[in-house]
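First comes the structure, then the notes that go with it.
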Amino acid sequence: MSKMKKMTHEDIDVQGQRLLMRVDFNVPLDKQSGEITDDQRIVAALPTIRNLLSRGARLILLSHLGRPKGVDSKLSMAICAKRLSEYLEQEVIQAADVIGPDAREKAAALEDGQVMLLENVRFHGEETKNDPEFARSLAALAEIYVNDAFGTAHRAHASTAGVASFLPGVSGYLIQRELEMIGNAIDDPQRPFTAVMGGAKVSDKIGVIRHLLGKVDNLIIGGGMAYTFLAAKGWEVGKSLLESDKIELARDLMAEAEEKGVRLSLPLDTVIAREFSPDAEKRVVNSEEIPADWEGLDIGPRSIELFAEIIKSSGTVVWNGPMGVFEFPAFAEGTKAISTAMAEADAVTIIGGGDSAAAVKQFGDEQRMTHISTGGGASLELLEGRVLPGIDCLMDQDPRRIVAAGNWKMNKGVPAEAASFVEELKQKLADAPAQIIVAVPYTALDAALSASSYSNIHIAAQAGHEIDSGAYTGSVPMATLAKMHVPYVLIGHSERRAMDNESDDRIQSMLKSALHWGLRPILCCGESLSERKAGETEAVLTRQIESAFEFVTADKLVQIIVAYEPIWAIGTGVTATVDQAEQACAFIRTLLEQKYPADCVERVKILYGGSVNDENAAELFASEAIDGGLVGGASLKADAFAAIANA
């Protein structure tokens, strides 16, 4: 996802606008006094906050603090409001609740350049469940959403992802820099590219190592996880940290590194101790000579020399995880040496948050690194190539980025079959430039959602009922889809208009319901063959579009995709000519421009659907008026759909 550029707060006009900004003020507190012991997370958010206030924004800040179980006065955001006020040298208005009357009244009363902080968002259990009604209530406080909390961007919570289903979302400076630094390191590194992986367990880093093996020139493995690799070589590791069930995996990873020409370096020697203790007896041995009753707690001097040499000859170095138990001074030398080597290297040096960031700061090297990530788990998942929900939900920098939307119709409805096909698509579409959506049968929704999580594949329902509940046999309401966290829904598909008699009025109601529940609609429209032959194409499209959008406000356009689907071209093998498709899509945009500001309409993507396949997609998508395709039969063939997504 690092390749996909997202809109930032600098790309939008914020004067007089109420902005809901997710920050990470989850600062450590002294257990006795309750005072903040390290305010770096507050300091890190200051550049974005100051920029927005200087531009006349009405800023509503939102964060969690700790892990409260319900309301807990010891974890109130008031202490953060006080510290932030000191830095900003202006009042930070503190709300007594999150979505209650005090928050609503204070948000509504904000003036240009004022800032307020909501109460701890995790006082509400709905936050971590990404409850759509809670997200809607958060969104109601503002007109624009800004996410600058990279440390929580890997969580699909209401305040990190859900709220962007109701408001246009952009990033702040922190997220922008994380994407630039980690993204460029992975996708376009200065070579040689070296990754240093440490920490306790191989299992925590499997995905990262696998992903990086296709990117790096050198892979250094240290820390507790190294002993599983040493055991995979058939060596005794004594009482060292060992994941015996991952030994075979370690062998596979070493073989994969050799196959891909990656230099994988393990510790040559080890600092061992009789027991896990800060003052334990210690000595240095070769890594293949660890006694059965000793354990490794750090890398040795030969390892330090080797690893430092590799680091200093690199153009880019990414580090995640310490080389040993650096909390114990006697076993901190390896971690300190890596920090020093990176600080002295003439290279782009990136610290992947967590313990690595803590170590760099402990050794006083933070100012000498190119970038220290503000998110441990988030940076690890980004290095792994996973799509982070808190970033994926933000608006694309390119408002007309191509969309490849597959409609499986009645196919692959068995959950296991759907999940298996999604897994296949993930492999083939991982680097596709297009936005990927697949509309699956109701029966396969849950399986497809699970299989596609943290990937660039987004799931859609093929329809949704406009009524939240009732005696409508066989129907699934938009409310249920939203609570299942289905992100997209097809509305008014031409087949359903023709065969199920879905009227313009019903489709309007469906669109309103989808937007109310935070679903992103793919609104279909199109004429029949008889209507085209009668020269009524524009009249039909005018009727359908005007009816559907009658109650849609301009701020909601960013959530909507329109698909022009001429009924006569669906499943017939007949495709509209490029000119016919282009004219219809351009006409739809003209209709929207007659109702809404041009800059809002620019963010609406208009697709063509009707026998789109891997042979005609490139020509269709090259048209200025066509922003992608709604694909039927070809979306059921992984290679064909991959070709379309890369067209």
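Residue numbers run from 1 in the order of the sequence given. Reckoned from all heavy atoms, side chains included, excluding hydrogens, waters and symmetry mates.
- Looking at Val115, Ile49, Leu59 one by one, the single match for side chain to side chain contact (heavy atoms under 4.5 Å, CB included) with Val92 turns out to be Val115.
- Taking 4.5 Å as the limit, every side-chain heavy atom of Ile402 sits out of range of all side-chain heavy atoms of Gln435.
- Contact check on Arg589 versus Asp627 returns a salt bridge, with a Lys/Arg side-chain nitrogen under 4.0 Å from an Asp/Glu carboxylate oxygen.
- Not one N or O on the side chain of Arg520 forms a donor-acceptor pair closer than 3.5 Å with the backbone of Gln559.
- Of all non-hydrogen atoms in Cys393 and Ala161, the two that sit nearest each other are SG-CA, 3.9 Å.
- Distance CZ/Arg506 to CG/Leu511: 13.5 Å, rounded to 0.5 Å.
- Shortest non-hydrogen contact noted between Met116 and Ala103 is CE-O, 3.9 Å.
- Residue pairs meeting the side chain to side chain donor-acceptor pair (under 3.5 Å) criterion with at least one member in residues 61-71, sequence neighbours excluded: Arg22-His64, Asn26-His64.
- Listed for the Arg497 side chain is no donor-acceptor partner under 3.5 Å among the backbone atoms of Ser503.
- Between Val562 and Val604 the shortest side-chain heavy-atom distance falls below 4.5 Å.
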Under 3.5 Å, which donor-acceptor pairs do the side chains of residues 477-486 form with other protein atoms, sequence neighbours left out?
from: His485; atom 1: NE2; to: Lys129; atom 2: O; distance (Å): 3.2
from: His485; atom 1: NE2; to: Asn130; atom 2: O; distance (Å): 3.0

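- The shortest distance between side-chain heavy atoms of Leu138 and Tyr145 does not fall below 4.5 Å.
- Partners of Tyr442 under the ring pair (Phe, Tyr, Trp, His ring centres under 6.0 Å) rule, at least two apart in sequence or in another chain, do not exist in this structure.
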Q: Would you check, one step at a time, whether the test side-chain contact (heavy atoms from CB on, under 4.5 Å) holds for His157 with Thr152?
A: CA-CA 9 Å; His157 293 172; Thr152 59; 6.0 Å; no
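- Remark: Arg55 engages His9, Val14, Asn51, Leu52 in a side chain to side chain contact (heavy atoms under 4.5 Å, CB included) (not counting sequence neighbours).
- Residue Asp24 comes nearest to Arg41 through the heavy atom pair O-CB, 3.1 Å, listed as atom of the first residue, atom of the second, then distance.
- With a 4.5 Å cut-off on side-chain heavy atoms, Met77 and Leu61 do not count as touching.
- Formation of a donor-acceptor pair under 3.5 Å by the Asp392 side chain with backbone atoms of Val387 is not found in this model.
- A side-chain N or O of Glu178 and one of Thr374 form a donor-acceptor pair less than 3.5 Å apart.
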Q: Check step by step if side-chain contact (heavy atoms from CB on, under 4.5 Å) holds for Leu117 and Cys80.
A: CA-CA 9 Å; Leu117 178 60; Cys80 295; 4.1 Å; yes
Which pairs of donor and acceptor atoms, one on a side chain in residues 633-647, lie under 3.5 Å apart (sequence neighbours left out)?
from: Ser635; atom 1: OG; to: Val631; atom 2: O; distance (Å): 3.4
from: Ser635; atom 1: OG; to: Gly632; atom 2: O; distance (Å): 2.6
from: Asp639; atom 1: OD1; to: Lys428; atom 2: NZ; distance (Å): 2.9
from: Asn646; atom 1: ND2; to: Ala642; atom 2: O; distance (Å): 2.8

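- Of all the heavy atoms in His493 and Cys524, the pair that sits closest is CA-CB, 3.6 Å.
- Judged by the 6.0 Å distance and 45° axis criteria, Lys512 is positioned over the aromatic ring of Phe551.
- Here the CD-CE distance, from Gln462 to Met410, works out to 9.5 Å after rounding to the nearest 0.5 Å.
- Between the side chain of Gln544 and the backbone N or O of Glu527, no donor-acceptor pair lies under 3.5 Å.
- A side-chain donor from one of Glu10 and Tyr173 sits under 3.5 Å from a side-chain acceptor of the other.
- Looking at Gln397, its side chain does come within 3.5 Å of a backbone N or O of Lys6 through a donor-acceptor pair.
- Ser76 is not listed as a side-chain neighbour of Asn120, based on a closest heavy-atom distance of 4.5 Å or more.
- In this structure Arg18 satisfies the salt bridge (charged side-chain N to carboxylate O under 4.0 Å, His left out) test together with Glu143, sequence neighbours excluded.
- Distance check: Leu118 CG to Leu20 CG gives 6.5 Å after rounding to the nearest 0.5 Å.
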Q: List the steps, then state whether side-chain contact (heavy atoms from CB on, under 4.5 Å) holds for Ile175 with Asn147.
A: CA-CA 8 Å; Ile175 282 183; Asn147 192 358; 3.7 Å; yes
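- Screening Thr553, Leu591, Asp555, Val552 for a side chain to side chain contact (heavy atoms under 4.5 Å, CB included) with Tyr596, the sole residue that qualifies is Val552.
- The nearest pair of heavy atoms linking Ser373 to Ser379 is OG-CB, 3.3 Å.
- Using a distance-only test at 3.5 Å, with no hydrogens or angles considered, a donor-acceptor pair links the side chain of Thr160 to the main chain of Arg155.
- Without hydrogens or angle criteria, Ser420 side chain to Glu417 main chain gives no donor-acceptor distance under 3.5 Å.
- Shortest non-hydrogen contact noted between Glu119 and Leu75 is OE1-O, 4.4 Å.
- By the 4.5 Å heavy-atom criterion applied to side chains, Ile459 and Val438 are counted as neighbours.
- A cation-pi arrangement is present between Arg386 and Tyr454 under the rule of less than 6.0 angstrom and at most 45 degrees off the ring axis.
- With rounding to the nearest 0.5 angstrom, the CD1 atom of Ile436 is 8.5 Å from the CG atom of Leu425.
- Other residues, nucleotides and ligands place more than 12 heavy atoms under 6.0 Å from the CD atom of Gln15.
- Side-chain contact check for Ile560 versus Phe549: some heavy-atom pair is nearer than 4.5 Å.
- Panel note: side chain Lys556, backbone Phe166; a donor-acceptor pair is recorded below 3.5 Å.
- Side chains of Ile606 and Ile626 form no contact here, defined as non-hydrogen atoms less than 4.5 Å apart.
- Atom-to-atom distance recorded for Leu630:CG and Ile437:CD1 is 9.0 Å, nearest 0.5 angstrom.
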Q: Kindly determine whether Val170 and Asp11 satisfy side-chain contact (heavy atoms from CB on, under 4.5 Å), including the steps that lead there.
A: CA-CA 8 Å; Val170 298; Asp11 297 321; 5.9 Å; no
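- Rounded to the nearest 0.5 angstrom, Asp398 CG and Lys605 NZ are separated by 7.0 Å.
- Between Asp396 and Lys5, no side-chain nitrogen of the basic residue sits less than 4.0 Å from a carboxylate oxygen of the acidic one, so the salt-bridge criterion is not met.
- Between the Lys426 side chain and the Ser452 main chain, no donor and acceptor come within less than 3.5 Å of each other.
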Q: Could you give me the CA-CA distance, side-chain angles and deciding distance for Glu546 and Lys595, then say whether salt bridge (charged side-chain N to carboxylate O under 4.0 Å, His left out) is met?
A: CA-CA 9 Å; Glu546 288 185 349; Lys595 180 177 174 65; over 6 Å; no
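- Proximity of a side-chain donor or acceptor of Thr590 to a complementary backbone N or O of Ala586 within less than 3.5 Å is detected.
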